[in-house]
2 protein chains.
Amino acid sequence: MARPKAQPYHHGQLREALAASGRALLEEKGIRGFTLRECARRAGVSHAAPAYHFASIDDLLAELATRGFQELAAAMTAEAERADGEAVEGGSTSRLVAQGVGYMAFAAGNPALFQLMFSREANRLETPALAAAAEAVRNLHAAAVEAVIPHASGEIKQRMADFAGASVHGFISLLLDGQIGGKDSSRALKARGLSLLSAMAETVVRVAR
Amino acid sequence: MARPKAQPYHHGQLREALAASGRALLEEKGIRGFTLRECARRAGVSHAAPAYHFASIDDLLAELATRGFQELAAAMTAEAERADGEAVEGGSTSRLVAQGVGYMAFAAGNPALFQLMFSREANRLETPALAAAAEAVRNLHAAAVEAVIPHASGEIKQRMADFAGASVHGFISLLLDGQIGGKDSSRALKARGLSLLSAMAETVVRVAR
DNA sequence: TCTGCCTCTTTCCATCGTCAAGATTCGGTG
DNA sequence: CACCGAATCTTGACGATGGAAAGAGGCAGA
């Protein structure tokens with residue numbers, strides 16, 4: 001009889017449940033359509049229950065963004081390591097491209113969350129965890145660029161990290177907003193994305209040489 | 001006595017007034033903090049008055065985004081023509097860079113509006129006017145790239161237009177979100193932006209050659 | 001002048017985020 | 001094992017919001 005009742009008074013993992021239902025809700029309704037009450041409803045608790053786990057709705061959104069950045073970092077490293085394993089040539093350059101692929105794939109799979117992460121709506125809270133998670137992603141970018149041009153000056157590395165991050169982020173952002181490739185097939189869009197990534201990587205290599 | 005009373009029953013230019021107060025409100029409160037009632041309040045009318053001019057709050061936001069795109073296009077062409085006038089050399093390439101400067105300057109001057117324009121929150125309405133205004137901006141990008149590499153193939157032109165648009169858009173987006181150059185001076189940030197623009201332009205030229 | 005239409009106000013409703021108060025359960029202490 | 005404070009959740013309430021409905025004010029053409 002120790003097993004939990006169908007609807008125990010104490011949820012036990014409400015914070016996790018809210019993060020999960022909140023994420024799904026965000027993708028469904030978008031940032032403006034996101035409501036705390038609906039989020040609580042889906043988690044099976046009353047509308048005021050989230051208050052104990054999250055100070056405000058912005059606090060919950062900040063948590064979602066934080067987890068998004070962590071997952072984004074994981075997606076980038078996973079794709080990069082996959083490239084390391086199968087690549088016979090290319091090395092650090094193909095790793096940079098693969099990391100960009102991971103970035104784009106995450107954004108394409110979680111468009112609303114991705115938008116939240118890079119909207120200042122989430123950054124209003126400016127929690128330390130959010131800042132740290134976002135910085136980790138930036139560091140991944142910087143490290144991948146650095147590996148391609150290890151002998152370049154610090155300033156060149158910074159400029160190229162700007163460049164690489166901006167290209168990848170801008171492309172997928174415009175794509176998700178429908179500003180690029182309106183009615184093209186998914187296959188064609190991937191080709192355009194890869195084309196952009198290789199142009200980006202070539203530029204990084206060329207400028208530093 | 002024909003002059004309008006202090007608060008005539010019929011506003012006369014309410015649509016314009018709402019667009020103006022809405023724009024200011026958007027920059028002040030951000031997308032999530034934007035409310036129709038506050039917007040009406042600032043225009044000096046009751047909270048239900050906007051209903052006749054805008055079907056919904058999303059419709060008003062779509063109008064703001066549409067005007068934003070028109071203004072963005074104007075800022076790009078103005079900066080590009082300014083560059084044409086003073087440039088002794090460079091020609092089409094310096095024009096491409098200048099157009100990017102205009103793009104970034106508009107975004108930096110209207111961060112919340114810029115974010116709205118490229119958030120799918122506005123695009124949910126998908127009004128024809130909004131689509132047309134956004135397309136005009138895209139065409140400006142494409143035309144500037146085309147002028148730099150007139151002899152390239154159509155596919156290369158498209159890829160380079162993607163590349164140019166993505167770089168510029170990504171950089172200023174990340175900058176406005178605080179993901180780039182956290183505590184750098186405004187001067188340093190402009191230098192980084194110009195550096196990115198020239199790297200972008202060089203890549204466009206190089207790939208097509 | 002009169003009449004119909006456009007514009008705006010007032011009123012109302014369901015929903016929202018947040019707060020306060022009460023109910024329930026948990027973990028540790030006696 | 002009994003008890004009690006703290007943590008967790010529910011209920012109820014408040015002001016604010018977007019939108020709908022109904023009515024009042026003002027304009028233009030017959």
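Numbered from 1 within each chain, the chains take letters A, B, ... in sequence-line order.
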Above 12 or not: heavy atoms from other molecules or residues under 6.0 Å from CD of Glu28(B)?
yes

Whole-Å distance, Leu14(A) CG to dT24(C) P, equals 19 Å

Quick one: what's the B/S/- string for nucleotides 14-22 of chain D, heavy-atom cutoff under 4.0 Å, read 5' to 3'?
---BBBB--

Do Met104(B) and Leu196(B) have side chains that approach each other closer than 4.5 Å (heavy atoms only, starting at C-beta)?
yes

Can you label the angle between the Tyr103(B) ring and the His141(B) ring as parallel, tilted or perpendicular, going by 30° and 60°?
tilted

In whole angstroms, how far is the C1' atom of dT15(C) from the NZ atom of Lys29(A)?
12 Å

Is there a side-chain polar atom (N or O) of His53(A) under 4.0 Å from OP1 or OP2 of dC9(D)?
yes

What about the rings of His169(B) and Phe171(A), do their centers lie closer together than 6.0 Å?
no

Take atom CD of Glu155(A) as the centre, draw a 6.0 Å sphere, and report whether it contains more than 12 heavy atoms from other residues, nucleotides or ligands.
no

